[in-house]
Amino acid sequence: MKRVIWIVLDSVGAGALPDAAAFGDEGANTIGHIAEKMNLNIPNMLSMGLSQLPGLNLPQAYGAGAYGRCLEKSAGKDTTTGHWEMAGVTVKTPFPLYPDGFPKEVMDAFEAAIGTKTLGNKPASGTTILDELGEEHMKTGYPIVYTSGDSVFQIACHEDIYPIEKLYEMCEIARRQLQGEHGVGRVIARPFIGTGKGHFQRTGRRRDFSLKPIAPSVLDVLKEAGYETLGVGKIEDIFAHQGLTGSNHAAGNPACIDATIEYMKRDFDGVLFTNLVDTDSIYGHRRDVEGYGKALEYFDARLPEIQALMGDDDLLILTADHGCDPTYKGTDHTREYAPLLVWKKGMVGQHPLGTRETFADTAATICDFFGLPERFGAKSYLHEIEAGCEEEMRRIQRAADVVENSLGRADITIVLGSGLGDFGNDLTDTKELSYTDIPGFPKATVPGHAGKFIIGNLADKRVLLMSGRFHSYEGHPMQDVVMPIRVMARLGVKKLILTNAAGGVNVDFRAGTLMLISDFINMSGKNPLTGPNMDAFGPRFPDMTEAYDRSLRELTMHAARELDIDLRRGVYCWMNGPTYETPAEVRMARVLGADAVGMSTVPETIAAVHAGIKVLGISCITNMAAGVERGPINHQEVMEMGRHMRGEFAALLTHVVEKM
């Protein structure tokens with residue numbers, strides 16, 4: 001079974017297209033402007049990569065998916081144009097628009113064919129025109145005809161005046177007449193109910209009567225190749241029933257999502273194509289920002305239901321057909337980028353698909369997915385989706401799965417430095433997991449580094465300890481040095497405490513000093529972010545202005561004062577090792593502003609900040625660096641001083657965790 005689940009979030013635009021000004025839509029931004037007005041709670045779409053799109057005012061989030069945005073090549077900003085293009089049919093000549101109403105010859109022919117006069121014949125909002133003409137319609141029986149900023153011929157009739165089948169019959173007459181020069185994209189039946197002005201409501205029995213697509217679409221190609229092509233919502237109307245093997249004309253987003261889920265419970269090979277129209281018809285045109293935002297949140301909350309029914313070979317595509325910015329002037333659609341989110345089971349990490357040159361790239365991708373040669377003059381992004389599942393991300397995810405299955409999740413992670421490994425004894429209700437039992441995990445080789453995870457309770461918090469870390473000087477590549485931090489990120493860790501044994505550079509320090517790290521200097525010549533960016537975790541150029549979180553530093557200083565611990569502040573300098581620093585290197589570090597020097601912590605800090613984890617760093621000054629005091633330095637003394645400082649260090653850590 002191999003399926004594409006293709007969902008169109010109607011009118012959910014992702015910012016004005018470069019030619020938006022020509023359509024009167026300069027500055028439109030449906031998602032971005034909603035996000036400015038309200039705190040959108042859409043974590044599932046954010047985790048697929050929606051937050052990575054430019055200009056949408058969304059919080060950064062990382063997870064699994066591929067993300068991009070699509071330019072519209074077709075000359076328009078309406079439902080038919082958008083859906084046809086994403087299905088591979090580009091409309092080069094725009095459908096006719098009627099800003100002054102329909103010509104006399106059009107209306108005369110229509111009224112003659114239906115045997116009655118009409119009301120309206122002008123552009124209008126669907127709700128406004130009912131208030132304006134609904135009562136007259138009920139008195140005279142004349143159908144209300146109106147258009148909008150789209151290429152539509154809309155007929156509104158009260159269901160008590162015209163039976164629904166009679167309204168559909170009038171629409172079919174209009175559809176047969178409106179061809180060629182006056183070939184509007186859609187004729188729309190707009191049934192309504194209500195007793196009078198202010199009480200009229202459109203019903204869910206709307207029907208769209210579209211032109212037949214001007215060329216074969218991806219639906220036709222798949223159907224001819226023997227695949228099922230199923231439509232939900234108004235898909236059957238948009239494509240004039242062409243290219244579909246089955247359809248459910250559900251009305252409203254809840255019903256359309258339900259219908260999508262019911263189809264997904266069936267075994268079939270092919271495409272399931274769903275339109276969710278409420279964002280456009282109920283909230284976009286009516287410029288209802290809050291309603292629009294809540295409709296997005298409703299879909300996002302149900303997205304996991306759809307993902308849970310996906311098979312190993314299924315592909316999920318979320319996109320839009322145009323914009324309808326509810327904060328923008330007027331009531332019409334807006335010419336915008338369509339967001340593009342793609343997901344498949346087992347996918348790890350986020351991968352950018354860039355700005356696609358046409359909506360039709362989705363049709364090309366679907367054909368590519370099913371091994372069909374048609375590309376509709378567009379480019380498939382299938383290989384770019386698969387590139388998002390790179391082996392390193394898979395290795396990290398496999399390790400994260402083992403840690404989670406063995407130990408569960410924790411609120412806080414603490415990395416223990418040399419000589420500090422027995423802090424695990426302070427935890428209760430503990431479990432342990434050796435690094436050797438985690439597939440693909442590096443091995444700890446340094447004395448004093450036990451090489452295991454310990455999870456337990458500390459100060460009423462669930463805490464995960466790393467007893468032992470990985471160093472560049474051990475020969476580990478940088479991706480191994482920071483792998484545990486990335487595993488923590490996959491497990492949802494938001495706060496990380498890094499500890500280390502360090503040499504004192506500041507002449508006011510002494511062995512036994514505890515130092516709160518305020519900043520770092522990287523003298524190693526290495527950076528864990530070198531190479532292709534891992535978009536699953538963070539941006540290409542993360543800010544390190546406050547690598548060590550200010551609020552956590554303030555909390556820690558307050559905790560130290562309460563315990564009467566002399567906690568100093570200072571800058572930590574990372575040198576690669578394994579040799580201890582020379583006196584000349586120590587003098588250089590001091591001139592550069594360092595207070596302590598060591599062989600760890602900085603790469604972990606960089607990786608954590610990149611992944612959006614708040615970092616706190618504490619150094620145990622276990623010895624004074626070379627040249628500050630007489631005598632050689634050895635690792636045994638470092639570990640002994642670490643054990644000597646254990647009591648004060650443990651008390652501080654416990655109190656800090658308690659305050660977090």
Side-chain angles (χ1 to χ4, degrees), residues 76-81 94-194 196-211 234 237-238 240 251 277 280-282 284-286 324 330-333:
K77 55 175 180 177
D78 59 273
T79 296
T80 303
T81 300
F95 295 120
L97 301 176
Y98 297 92
D100 300 316
F102 297 98
K104 185 175 185 299
E105 65 268 23
V106 169
M107 295 308 302
D108 286 349
F110 177 64
E111 290 176 354
I114 64 173
T116 181
K117 294 181 179 180
T118 60
L119 302 173
N121 188 24
K122 62 181 179 179
S125 159
T127 52
T128 301
I129 202 161
L130 295 185
D131 281 340
E132 180 185 343
L133 298 175
E135 292 179 350
E136 185 177 353
H137 160 75
M138 295 181 72
K139 291 175 184 176
T140 64
Y142 299 158
I144 302 169
V145 174
Y146 66 104
T147 186
S148 71
D150 297 327
S151 182
V152 291
F153 185 98
Q154 303 183 88
I155 308 172
C157 291
H158 197 289
E159 291 193 1
D160 290 344
I161 306 298
Y162 282 88
I164 194 69
E165 294 304 325
K166 179 63 177 178
L167 174 57
Y168 292 163
E169 179 184 329
M170 288 191 290
C171 289
E172 288 170 347
I173 290 169
R175 179 71 281 171
R176 287 194 296 270
Q177 291 182 335
L178 295 170
Q179 302 289 329
E181 178 187 359
H182 297 299
V184 295
R186 289 173 295 157
V187 175
I188 304 177
R190 293 288 195 180
F192 67 95
I193 57 174
K197 183 176 180 179
H199 300 283
F200 292 124
Q201 291 182 322
R202 298 197 295 202
T203 73
R205 296 203 277 183
R206 161 189 171 160
R207 286 286 302 276
D208 292 31
F209 298 80
S210 294
L211 288 172
K234 65 179 186 177
D237 293 337
I238 296 168
V277 73
D280 181 59
S281 62
I282 299 179
H285 287 296
R286 299 179 190 181
C324 196
T331 61
D332 294 330
H333 293 159

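By the neighbour-count criterion of 12 heavy atoms within 6.0 Å, atom CD of Gln201 is sparsely surrounded, having that number or fewer from other residues, nucleotides or ligands.
Counting heavy atoms from C-beta outward, Cys171 and Arg207 have side chains that stay 4.5 Å or more apart. In this structure, the side chains of His158 and Glu135 stay at 4.5 Å or more apart for every pair of heavy atoms. Looking at heavy atoms from C-beta onward, Glu181 lies out of side-chain contact with Pro96 at the 4.5 angstrom threshold.
Across Tyr142 and Lys117, no two heavy atoms sit closer than the pair CB-O, 3.4 Å. Contact record, Arg286 with Ser281: NE-O, 3.9 Å, taken as the closest heavy-atom pair. The heavy-atom pair separating Gln177 from Ala113 by the smallest distance is NE2-CB, 3.4 Å. Between Ala189 and Pro191, the closest heavy-atom pair is O-CD, 3.3 Å. When all heavy atoms are compared, the tightest approach of Ser148 to Ala124 is CB-O, 4.5 Å. Nearest heavy atoms, Gly101 versus Pro123: N-CD, 4.1 Å.
The ring-ring contact (aromatic ring centres under 6.0 Å, His included) check on Phe200 picks up Phe192, with sequence neighbours excluded. Residues satisfying the salt bridge (Lys or Arg N to Asp or Glu O under 4.0 Å) test with Arg190, not counting sequence neighbours, are none. Among residues two or more places apart in sequence or in another chain, the ring-ring contact (aromatic ring centres under 6.0 Å, His included) test is passed with Tyr168 by none. Listed by chain and residue number, nothing satisfies the side chain to side chain donor-acceptor pair (under 3.5 Å) test with Lys139 (two or more places apart in sequence, or in another chain). Judged as a side chain to side chain contact (heavy atoms under 4.5 Å, CB included), and not counting sequence neighbours, the contacts of Arg175 are Leu178, Gln179, Val184, Val187, Phe209, Leu211. Applying the ring-ring contact (aromatic ring centres under 6.0 Å, His included) test to Tyr146 and every residue at least two apart in sequence or in another chain returns nothing.
The residues Lys104 and Glu111 are annotated as not salt-bridged, no charged nitrogen and carboxylate oxygen being separated by less than 4.0 angstrom. Under 4.0 Å is where a charged nitrogen must lie from a carboxylate oxygen, and between Glu159 and Arg205 at least one such pair does. Salt-bridge check for Asp131 with Lys197: failed, with every basic side-chain N at 4.0 Å or more from each acidic carboxylate O.
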Side chain to side chain contact (heavy atoms under 4.5 Å, CB included) evaluation trace for Glu169 with Leu167:
CA-CA 5 Å; Glu169 179 184 329; Leu167 174 57; over 6 Å; no
Trace of the side chain to side chain contact (heavy atoms under 4.5 Å, CB included) decision for Ile155 with Ile144:
CA-CA 6 Å; Ile155 308 172; Ile144 302 169; over 6 Å; no
If you apply the rule side chain to side chain contact (heavy atoms under 4.5 Å, CB included), what do you find for Phe153 with Thr147, and how did you get there?
CA-CA 5 Å; Phe153 185 98; Thr147 186; over 6 Å; no
Could you give me the CA-CA distance, side-chain angles and deciding distance for Leu130 and Arg202, then say whether side chain to side chain contact (heavy atoms under 4.5 Å, CB included) is met?
CA-CA 9 Å; Leu130 295 185; Arg202 298 197 295 202; 3.8 Å; yes
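The aromatic rings of His182 and Tyr98 lie tilted to each other, with the angle between the two planes from 30° to 60°.
Donor-acceptor pairing under 3.5 Å is recorded for the side chains of Asp150 and His333.
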